[in-house]
J.: 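What follows is a single structure, and I will ask about it in a moment.
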Amino acid sequence: MLLAAVANARNADQKCAGRRLENMGKGPVLAEPVAARLSLRLDAPAAVRVYALDTLSGQRGAPVPAKVEGGMLTFRVGAEQKAIYYEVSR
């Protein structure tokens with residue numbers, strides 16, 4: 001499963017006038033992190049792992065600590081992972 005957790009995002013130097021985009025700006029994309037505790041009801045949740053993904057390459061980064069609580073896989077996402085995409089896989 002691919003999980004995207006992002007709030008406001010925009011290019012560096014992007015300029016807007018009201019709802020009108022005046023300048024697209026350039027990279028990097030500046031993204032407001034989402035802080036959340038997620039619980040997923042899955043078959044065999046103990047066999048599932050969560051990884052933060054590199055935004056540009058999609059490569060796996062550090063595993064995200066997760067535990068099984070009440071038969072559900074529970075983990076937190078936030079600024080500490082420096083990621084907006086997460087892989088949830090067996």
Side-chain angles (χ1 to χ4, degrees):
M1 171 192 316
L2 176 64
L3 170 70
V6 64
N8 294 318
R10 59 185 280 166
N11 287 335
D13 299 324
Q14 181 176 319
K15 301 272 190 275
C16 294
R19 296 180 62 121
R20 191 170 139 248
L21 179 64
E22 291 187 341
N23 183 333
M24 285 289 291
K26 58 184 179 183
V29 174
L30 307 173
E32 180 182 345
V34 171
R37 179 179 180 264
L38 301 165
S39 295
L40 305 176
R41 188 173 310 280
L42 303 167
D43 292 333
V48 176
R49 301 292 177 258
V50 180
Y51 299 93
L53 300 178
D54 181 84
T55 302
L56 296 177
S57 70
Q59 296 295 310
R60 283 182 179 172
V64 176
K67 58 185 173 182
V68 177
E69 292 180 335
M72 295 189 289
L73 183 71
T74 301
F75 60 97
R76 292 185 182 276
V77 298
E80 60 275 3
Q81 279 94 16
K82 296 186 170 120
I84 60 173
Y85 300 114
Y86 299 84
E87 177 185 343
V88 181
S89 65
R90 288 192 201 284

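Values reported hereafter were calculated over all heavy atoms of this structure, with side chains retained and with hydrogens, waters and symmetry mates removed.
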J.: Can you sort out the partners of N11 under side chain to side chain contact (heavy atoms under 4.5 Å, CB included), two or more places apart, ordered by chain and number?
T.: Q14, M24, V29
J.: Looking at residues at least two apart in the chain, or sitting in another chain, which of them share a salt bridge (Lys or Arg N to Asp or Glu O under 4.0 Å) with R60?
T.: E87
J.: Between G61 and Y51, what is the shortest heavy-atom contact and its length?
T.: O-CD2, 4.0 Å
J.: Please enumerate all residues that pass salt bridge (Lys or Arg N to Asp or Glu O under 4.0 Å) together with R20, with sequence neighbours excluded.
T.: E22
J.: Do Y85 and V64 share a hydrophobic cluster, counting only Ile, Leu, Val, Met, Phe, Trp and Tyr and linking them when any side-chain heavy atoms are less than 4.5 Å apart?
T.: no
J.: Quick check: closest heavy atoms across A52 and A83, and the distance to 0.1 Å?
T.: CB-CB, 3.8 Å
J.: Distance from D13 atom CG to K26 atom NZ, nearest 0.5 Å?
T.: 5.0 Å
J.: Establish whether L73 and M1 are linked, either directly or via other cluster members, by ILVMFWY side-chain heavy-atom contacts under 4.5 Å.
T.: yes
J.: Please name the pair of heavy atoms, one in L21 and one in C16, separated by the smallest distance, quoted to 0.1 Å.
T.: CD1-SG, 3.9 Å
J.: Of the non-hydrogen atoms in Q81 and R76, which two are nearest, and what is the gap between them?
T.: NE2-O, 3.5 Å
J.: Taking atom CZ of R10 and atom NZ of K15, what is their separation to the nearest 0.5 Å?
T.: 7.5 Å
J.: Between V68 and L3, is there shared hydrophobic-cluster membership here, with clusters defined by ILVMFWY side-chain heavy atoms closer than 4.5 Å?
T.: no
J.: Using the rule that Ile, Leu, Val, Met, Phe, Trp and Tyr join whenever any side-chain heavy atoms are under 4.5 Å apart, tell me whether F75 and L2 fall into a single cluster.
T.: no
J.: Please report the C-alpha distance between L40 and V48 in whole Å, then the side-chain angles of each, then the deciding distance to 0.1 Å, and finally whether the side-chain contact (heavy atoms from CB on, under 4.5 Å) criterion is met.
T.: CA-CA 10 Å; L40 305 176; V48 176; over 6 Å; no
J.: Indicate if V77 and L53 have the same hydrophobic cluster label, given that clusters are the connected sets of ILVMFWY residues with side-chain heavy-atom separations under 4.5 angstrom.
T.: no
J.: Check A5 against Y86 and note the closest heavy-atom contact, atom names and distance.
T.: CB-CE1, 4.2 Å
J.: More than 12 heavy atoms of other residues, nucleotides or ligands under 6.0 Å from CZ of R41: is that the case?
T.: no
J.: Any idea which heavy atoms bring R37 and S39 closest together, and the distance?
T.: NH1-OG, 4.1 Å
